[in-house]
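Please read the structure below before turning to the comments.
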Amino acid sequence: MREYQHQQLEAKWRQKWQQEGLYTAENGQDKPKFYVLDMFPYPSGAGLHVGHPKGYIATDVVTRCMMMQGYNVLHPMGWDAFGLPAENYALKTGVHPTISTADHIVNYKRQLDDIGLAYDWNREINTTDPDYYRWTQWTFLEMFKRGLVYESHEPINWCPTCKTGLANEDLENGLCERCGTVVEKKPLRQWAVRITDYANRLLADLDKLPDWEDSIKEMQRYWIGRSVGAEINFKVIINTSGVIPHPSREAGAKAGILPVTVDQRLDSRLRGNDTGESAVIKVFTTRPDTIFGATYLVISPEHELINELGDAILNLNEVQGYISQVKNKSDMERTDLNKDKSGIELQGVKALHPVTGHQLPIFAADYVLSGYGTGAIMAVPAHDERDHEFALKYNLPIIKVVVPPALDQLNTVGFNSLPEHTDIRVVDDCYTAEGLAINSDFLDGLSTAAAKEKIIIWLTENKIGQAKVQYKLKDWVFSRQRYWGEPIPLIYCEYCHDNPTNEGERLNPGWIADDNLPVTLPMVDHYEPSGTAESPLANITDWVNVKCPRCGKAAKRETNTMPQWAGSSWYYLRYCDPYNDKELISKKAEKYWNPVDLYVGGAEHATRHLIYARFWHKFLFDIGVVSTEEPFAKLRHVGLILAEDGRKMSKRWNNVINPDDICSEYGADAFRVYEMFMGPFDQPVAWNTNGVIGARKFLSKLTALSQKVGDDSASKAAISQLHKTIKKVTSDIIDFKFNTAISALMILVNALGDEESLTKEQYGMALQLAAPFAPHLAEELWQELGHGQSIFLSSWPRFDAELAQDEAAVVVIQINGKVRDQMEVGLDMPAADVEALAKAREKIVSWLEGKEIVKVIVVPNKLVNIVIK
RNA sequence: GCGGACGUGGUGAAAUUGGUAUACACGCCAGCCUUAGGAGCUGGUACCGCAAGGUGUGAGGGUUCGAGUCCCUCCGUCCGCACCA
């Protein structure tokens, strides 16, 4: 058998393709465009392992196939090169990140090239290039000027190892996603981006993305976490005792059953028109319909109320003791679901129930999070499991106010008068589903939905609360106290400030935009993070001290840098117009290439990069830079390749396989075919080097077929197989079913191997189908056939339905659904004839003997099922 | 706990979407060939049975002429989120 020397062969074609500019995409051609994008890598010192290129190979297969189908394909690559590893490496070795990053990029690029990936390197970008990050900074300033960026002093996630603040998205189970350290909460001056302003659009527009996998969309929906409910004000009263009479005149009158002894003074205070002599606790709830079941309030230990009330809290020392105890716990410990709930009552203060006027105890407890909603809740222990657990532990009243719909016949007369459901202490069950309101005054008998609506109207009319939509998504903490990132281009001047919007709340006094972009990252001698709100840049005094661009007086630069996600939030746009020094992207390039038609990368980016990029894009849309609301039309995620031992590939386990070794031993083509053949693209699979040998055998068989090329055509059956394969491979590539595409190619090559002879055209078509997967070998064999130009400039073979037809159909004969016989019949034979033939079969006759035929089902060209009794 | 994906040979996996379960490949077994290499070729490879035949897609029910595929109940695996009120 004819063998092939993959090393010379592959190197030869790679060089030729580069020389000929085969992958160069031209802006604005007449041809239809197709933009295929990989998530660009962080060029680490370790280089690629065999898992990394799986997605790149898939996009490469699509790229080459689309090129052959006549598209002007853009398939670029670049480097997401800011980030901690380069900085940490600098700390250790003193080698500047610019140098180490450049080295790593050379290695990465060589590795990618060795796999034969069709990248247009003319468009290579690097997020650390000042010509690139000036536009990252520019977009940030555009946000700043529109009030979408604000300075905040909220406690944020702080990694004590990396010595930097982190965004919510940078955590994994309460650990720093980078280094695995337990993250602390730390108050820190920081810049934050109002991504929550876009929460609703980010959520709603997911529905406009039919070509995204549901799993990714669901993850984003959950991350954005929209909850519809109400915000309700509870007045705090101090040093009171005894129960206050029911204050709700209107409610009582409407229901016609309530006592009308109203404390006028209290009433006016409750309606929110008083002078602010008492504190208010705002709570958020998704179940305002259960308000009559609220028996206590809980605020988070961080809640400002504790400071506000101060000595009014009789057990202030104890409360503070509890709080410091909680603060010493990590988020991990705090949110451990298995642990007992803990809390402490604020003695001497009560909250007034805004409808019933009952005095409710107030607790501080760490099961209420400071970062969500208002950091305070009304506890309804009968209908919320957490509140229920807490109420049991602290012996608090539990009032049932919702019953399952099946119990709706119960005569629910009103508060305090129910015979059966007035159980103030329901111990065992906690009903969290929807149902019908009971014990709820004017809500009694209403369904949960109706009760929600009615109570919200009531709260609004009485200025006690209003409807409220709440998101889990938090504003994007945008400052990093580290060196190796884009400088935030702001200057602090004591005399000037930019007034970014007309809305007072968005004023950033003292901070002004430095429009003189790029603000380049200066060289430093010391990278050590300070552990404070400043980055190592703070030490470079001649960089930090500047003249105010507005007034010319002495001013200081912001020394925080941007998070790594900044540069990757818009890089796909820059590929379209990489050399533009006037604008982020030209209108022409944007109109032509945007949006990305196919985007492939790891699912780990579902709630990080993919949310940030969608947000960034929407902002650019709002300011007229891009013309679409969404950046990525079709998204596929790549399944992990595990090591042969089934674990993740890692230096730690010593199970890393380097693609360099595989490519030099078996060839890049065999490597590519194997990775695409391993299994479904989006599923995790363990690596098996034997599989590469199998792929290599297939390529050898494909090569061997060249010996059969002659004047005589292949058989009709083989031609039929060829056309079926064209159909299958074409649709499988679009559907990302590369494994079955290759299996179809293997079947074809096996079938052609049995032929005496095949024509140049027939062999050529087989080569074209294999070309996206095994580009080097296919090119070699194609040009051997005498074609003057690249196989990738040839037209993708077209499927001919007539040629693909079989001459005959094999029909299965079943008795009662069990296969008993099969026969070959002419295609599309009428059902009656097929049935007659089947019944006449010797085997079938014996099965039918003495039986009564109940029914016969004939599926054309497939089967006959005879039902007997 | 919530959300998503899934469960088929010794292994990775197919199955035209309700119509022959295990295609394709790895591995293994037997044979052939050889200039002994990461070779190549031929055949075999779900289980029980000598056979006829029977049984088989995590378990159990159901719908149907017919179920890996649809419905219900349960068990298990992987991924994401997780005290989000």
Side-chain angles (χ1 to χ4, degrees), chain A residues 1 3 172-174 213-223 225-227 229 283-287 290 298 300 334-339 341 365-369 371-380 383-387 389-390 432 470-474 603-604 606-607 637 639-640 665-666 673-674 677-680 682-698 700-701 704 724 727-728 731 737 739-747 750 810-822 854-859 861-868:
Chain A
M1 155 154 330
E3 256 304 336
E172 255 169 26
N173 294 321
E213 290 161 62
D214 287 337
S215 60
I216 305 273
K217 285 198 274 190
E218 274 309 304
M219 278 191 226
Q220 292 210 352
R221 285 195 186 102
Y222 202 83
W223 191 261
R226 180 184 154 101
S227 296
V283 307
F284 172 73
T285 177
T286 54
R287 292 294 299 273
T290 62
V298 188
S300 74
R334 273 189 66 171
T335 57
D336 184 356
L337 272 170
N338 298 321
K339 84 165 169 61
K341 296 212 174 350
D366 66 353
Y367 83 92
V368 170
L369 308 174
Y372 181 75
T374 59
I377 60 153
M378 63 174 206
V380 184
H383 304 288
D384 180 283
E385 278 172 15
R386 296 150 302 184
D387 298 342
E389 187 191 329
F390 193 82
T432 57
Q470 196 55 248
Y471 296 94
K472 284 191 226 173
L473 183 73
K474 295 193 176 120
E604 70 273 18
T607 53
H637 90 266
L640 223 59
E665 225 175 321
Y666 305 99
V673 168
Y674 171 61
F677 183 62
M678 286 178 92
D682 57 357
Q683 270 177 42
V685 223
W687 176 267
N688 179 0
T689 301
N690 275 329
V692 187
I693 299 171
R696 173 64 193 229
K697 279 190 200 167
F698 158 68
S700 296
K701 286 187 198 171
K724 283 179 191 158
K727 188 181 183 190
K728 176 121 184 94
S731 63
K737 288 154 79 174
N739 54 332
T740 50
I742 289 171
S743 135
L745 283 170
M746 286 172 169
I747 292 167
N750 289 344
V810 175
V811 168
V812 164
I813 308 165
Q814 298 181 330
I815 309 277
N816 288 349
K818 293 210 158 102
V819 180
R820 296 302 179 193
D821 198 6
Q822 60 179 43
V854 181
K855 198 177 185 181
V856 178
I857 288 116
V858 179
V859 181
N861 298 328
K862 278 235 168 80
L863 66 73
V864 180
N865 188 13
I866 303 170
V867 186
I868 57 173

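Remember, it's a predicted structure, so these values are computed and weren't measured experimentally. Each chain gets a letter, A, B and so on, in the order the sequences are listed, and its residues count up from 1.
Of the candidates C24(B), G38(B), A82(B), the closest approach to any side-chain atom of Trp223(A) belongs to A82(B). When each of G80(B), A15(B), G38(B) is scored by its nearest atom to the side-chain atoms of Arg696(A), the top-ranked nucleotide is G38(B). The side chain of Glu218(A) has G3(B) as its nearest neighbour among U20(B), G3(B), G19(B). Proximity note for Tyr222(A) (side chain, C-beta onward) versus U55(B), G66(B), C81(B): the nearest is C81(B). Taking the side chain of Val368(A) as heavy atoms from C-beta on, and the options A85(B), C83(B), A23(B), the nearest nucleotide is A85(B). Which of G12(B), A85(B), G19(B) sits closest to the side chain of Ser227(A) comes down to A85(B).
Residue Lys341(A) places a side-chain atom within donor-acceptor reach of the base of C83(B), judged by atom type and a 3.5 Å distance cut-off alone. For a distance-only test at 3.5 Å, the side chain of Asn690(A) fails to qualify as a donor-acceptor partner of the base of C26(B).
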For this session: Determine, step by step, whether Glu389(A) and Tyr367(A) satisfy the side-chain contact (heavy atoms from CB on, under 4.5 Å) criterion, reporting the C-alpha distance in whole Å, the side-chain angles of both residues, the deciding distance to 0.1 Å, and the verdict.
Result: CA-CA 11 Å; Glu389(A) 187 191 329; Tyr367(A) 83 92; over 6 Å; no

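Residue-level contact check: Gly225(A) touches neither bases nor backbone, having no heavy atom under 4.0 Å from any strand. Among the heavy atoms of the strands lying under 4.0 Å from Asn688(A) are primed sugar atoms or P, OP1, OP2 only; no base atom is included. The residue Val859(A) sits close to a base: some heavy atom pair falls under 4.0 Å.
Checked by atom type, the side-chain pair Tyr674(A)/Asn688(A) shows no donor-acceptor distance below 3.5 Å.
Protein atom NZ of Lys701(A) is 14 Å distant from nucleotide atom C1' of A39(B), rounded to whole Å. Atom pair Ile742(A):CD1 and A25(B):P shows a separation of 12 Å (rounding to whole Å applied).
Of the nucleotides present, none pairs with U20(B) by Watson-Crick or G-U wobble criteria with both distances under 3.5 Å.
The side chain of Arg221(A) places no N or O atom within less than 4.0 Å of a non-bridging phosphate oxygen (OP1 or OP2) of C2(B).
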